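Structure, as structure tokens:
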Amino acid sequence: MLLDDAESTALLAGKGALPADAATRALGDAGADGTLAISLDRDRRGHVVRLARIAGAGIAGSRIAGARIDGAGIDGSRLAHFVEPATALPGFLARRAAQYLGYSGEAAQLSARALAASYALVLDDAFSVEARLCQGRITGARVVLDATARFRHPEWAPYGERLEGTAEEAPFRRIGAVACVPDPGAKIVAVLSGAGLMMTTLDMLTARGARVRCVIDMQGLPLQGVEGMAPIFELVGRMKPAVTLIGGRFMAPVAHDFAAAVIAANRKAPLTGQVITWLAGNRAEDGQILFAEAGFRRVDDYPAAIAATVSAGA
Amino acid sequence: MGILTGPETRVIVQGITGRVGAGFARRLAGFGTRIVGGVTPGKGGAEVDGLPVFDSCHDAVARTGADTSFVVVPPAAALDAVYEAVDAGIRLMVLYIENVPVLDALRLTRHARARGAVVLGPNSAGCITAGGVALSEVDPRFLLAGRIGVVCKSGAMCAESATYLKEAGLGVSTVVSIGGDHVLGTHHADVLRLFEADPDTDAVVLIGEIGGRSELEAAFAVAQMTKPVIATIIGGSAPEGRQMGHPGARTGEVEEGAAHKRRVLAQAGAVLTADVTEVGRAMRGALESRASKRGNRP
């Protein structure tokens with residue numbers, strides 16, 4: 001859940017950071033001393049504090065923004081420190097940060113407050129925090145909240161629903177699926193069971209020269225039958241694909257249920273263009289028969305289904 | 001007998017009285033896995049399909065000798081469920097559940113690792129040893145038992161890998177899904193080291209994906225292995241910054257991308273395939289090449 005500047009700054013202020021006053025605001029972006037960011041280090045299972053001396057750009061133009069807090073400052077420098085969860089934020093880091101940003105006196109104290117507030121925010125389920133500093137005060141901020149922790153944060157309710165993705169991708173999130181639209185002008189859509197197949201299918205279609213409008217991971221929706229599948233079909237139908245590949249390998253004995261749900265969903269929200277189905281796994285034969293009876297083009301081998309999709313979309 | 005589990009493995013299901021938990025207990029028991037009970041706080045004394053339900057992991061371990069847990073509690077309860085299981089002496093936990101808050105995942109994985117316990121997941125499809133213990137929704141009847149280890153993040157890729165190995169006439173020893181979340185209890189490298197030490201595994205298939213650095217860490221393990229590793233990285237054609245199904249599958253920094261991971265793994269000695277459908281053929285080739293160097297058949 002990406003928060004805007006005002007929301008982010010207010011959250012940091014709530015944790016003790018001081019927002020810009022009239023004097024620092026008057027300096028504008030050019031007066032910014034640097035950017036402070038705290039993000040997850042998933043591989044070392046902790047957080048990383050990063051500072052970069054960056055000037056001349058607002059928070060929206062930051063090179064170390066959001067999910068990719070990887071840039072160096074304009075002078076090529078960067079301060080990075082891994083924070084062990086067991087030790088939490090060490091006291092010396094505030095002094096080191098202030099020194100790096102060239103602060104002393106009140107500015108150093110304020111930057112220490114900004115750092116402490118940012119870390120408090122990640123311990124309160126922020127996924128990442130980024131703040132632009134001027135004389136230790138926050139002149140702009142961007143906070144990403146961990147949406148999976150929403151259940152313990154009723155105070156996040158005013159932020160409403162912040163769905164990730166483009167205008168075509170976000171509605172899939174709303175219904176519980178994940179979509180990626182690599183090429184909005186293309187005519188191939190692929191609807192798969194599982195994140196791995198979603199990625200692999202896009203890779204294989206792309207490697208064979210196809211342009212792909214959208215790939216979708218259905219997540220748990222197939223288990224909900226037609227109630228889960230119909231909304232996917234409605235959203236895919238709006239894209240008016242020339243070819244839709246629908247498939248999955250089901251290791252639980254549900255492949256035939258999936259096929260039945262696909263057929264029912266297509267009755268409810270019929271797809272235009274050619275539909276190619278690939279089904280494998282537990283009770284796949286039953287599902288394949290259902291697909292054939294429903295008039296879908298049935299390809300029982302995954303690489304062959306990819307090839308058929310590429311060919312049909314050419 | 002593969003890795004992580006063995007003939008003596010005794011499994012409890014945390015969250016057994018829920019619909020998903022009860023379903024898994026039934027299915028895993030049907031696969032032959034020794035499910036010895038379950039845990040749901042406040043429901044001790046009840047039964048699910050004849051399996052005893054305990055109020056706590058401590059009770060369950062004391063009464064059943066369980067050493068492994070299949071965890072299907074709600075995401076909000078995952079952190080405490082793992083703390084409790086580790087404290088009770090459980091050594092292996094499969095966190096099938098998804099949507100565990102990142103901060104909780106970070107805490108529970110660190111806690112378990114610090115105490116020598118293994119966590120697969122969150123968002124793991126589990127692990128399965130062909131002819132042995134199944135802690136996964138994958139029906140073991142679809143696997144050909146053999147001597148190839150498989151480690152993937154994605155459950156779907158575990159199934160695909162086992163399928164293409166089977167088509168090449170190769171069976172699997174253990175198939176491990178480490179999960180698709182941002183923070184994971186077990187990385188590819190951890191599993192590679194177990195396979196390297198496993199006398200029942202001759203070679204390994206590693207399926208990595210975009211996002212994170214688990215595959216880069218794995219490259220260090222590959223470089224030290226004596227067994228062949230066939231690898232592929234999925235998600236290479238995903239637009240930058242876009243999440244691809246798994247919460248952790250998105251590129252940010254260059255090192256998290258498919259091209260860099262492929263390069264590093266290849267430099268470490270892994271044989272890279274274009275996609276998962278080629279892993280069977282590639283593995284067959286690697287084993288034959290190895291056998292011919294040794295002067296015998298694979």
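Since this is a predicted model, take the numbers as computed values, not measurements.
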With A:Asp146 as partner, the option from B:Asp104, B:Leu103, B:Val102 fulfilling side chain to side chain contact (heavy atoms under 4.5 Å, CB included) is B:Val102
Does atom CZ of A:Phe151 have more than 12 heavy-atom neighbours from other groups under 6.0 Å away?
yes
Can you tell me how far the CD atom of B:Glu137 sits from the CG atom of A:Asn282, to the nearest 0.5 Å?
10.5 Å
For residues A:Val215 and B:Met244, determine if any side-chain heavy atom of one lies less than 4.5 Å from a side-chain heavy atom of the other.
yes
Would you name the heavy atoms of A:Arg42 and B:Gly212 that are closest together and state the gap between them?
NH1-N, 3.3 Å
Working for salt bridge (charged side-chain N to carboxylate O under 4.0 Å, His left out), residues B:Asp139 and A:Arg283:
CA-CA 11 Å; B:Asp139 189 331; A:Arg283 298 202 61 184; over 6 Å; no
Checking A:Asp203 side chain against B:Ile234 main chain: does a donor-acceptor pair fall under 3.5 Å?
no
Among B:Ala274, B:Ala114, B:Ala76, residue most engaged with chain A (heavy-atom pairs, under 4.5 Å)
B:Ala76
Counting only heavy atoms closer than 4.5 Å, note whether A:Leu40 contacts chain B via side chain, backbone, both or neither.
side chain
Could you measure the distance from the CG atom of A:Asp43 to the CD atom of B:Glu215? Nearest 0.5 Å is fine.
8.5 Å
Give the intermediate values and the outcome of side-chain contact (heavy atoms from CB on, under 4.5 Å) for residues A:Met204 and B:Thr277.
CA-CA 10 Å; A:Met204 291 177 71; B:Thr277 66; 3.8 Å; yes
So, A:Arg45 versus B:His182: side-chain donor-acceptor pair below 3.5 Å or not?
no
When you measure from the side chain of A:Arg249 to the backbone of B:Met157, do you find a donor-acceptor pair of N or O atoms at a distance under 3.5 Å?
no
Interchain contact, A:Leu205 with chain B, by part (heavy-atom threshold 4.5 Å)
neither
The interface call for B:Thr163 against chain A, heavy-atom contacts under 4.5 Å, is side chain
Pick from A:Gln219, A:His47, A:Met218, A:Met198 with the largest number of heavy-atom pairs that fall under 4.5 Å of chain B:
A:Met198
Please report the closest heavy-atom contact between A:Thr148 and B:Pro101, naming both atoms and the distance.
OG1-CA, 3.1 Å
At a 4.5 Å cut-off on heavy atoms, which part of B:Ile207 comes close to chain A: side chain, backbone, both, or neither?
neither
Per-residue contact mode, B:Ser237 against chain A (heavy atom under 4.5 angstrom):
both
Less than 4.5 Å apart, side chain to side chain, heavy atoms only: is that true for A:Pro85 and B:Arg110?
yes
On a heavy-atom basis, which atom in A:Glu164 and which in B:Arg250 lie closest, and how many Å separate them?
OE2-NH1, 2.5 Å
Find out whether B:Gln243 and A:Cys180 are in side-chain contact, i.e. whether some heavy atom of one side chain is under 4.5 Å from a heavy atom of the other.
no
Given a strict heavy-atom distance threshold of 4.5 Å, which part of A:Thr201 is in contact with chain B: side chain, backbone, both, or neither?
neither
Side chains of A:Thr200 and B:Glu160: closer than 4.5 Å at any heavy-atom pair?
no
Among A:Pro303, A:Gly194, A:Ala195, which residue forms the greatest number of heavy-atom pairs with chain B at distances under 4.5 Å?
A:Ala195
Is B:Tyr164 close to chain A through its backbone or its side chain, or both, or neither, when contacts mean heavy atoms under 4.5 Å?
side chain
Please look at B:Ile233 and chain A and tell me whether the side chain, the backbone, both or neither of the residue comes under 4.5 angstrom of a heavy atom of that chain.
backbone
Part of A:Arg152 lying under 4.5 Å from any heavy atom of chain B:
side chain
Between atom NZ of B:Lys153 and atom CE of A:Met199, what is the distance when rounded to the nearest 0.5 Å?
8.0 Å
Do the side chain of B:Arg213 and the main chain of A:Arg44 share a donor and acceptor less than 3.5 angstrom apart?
no
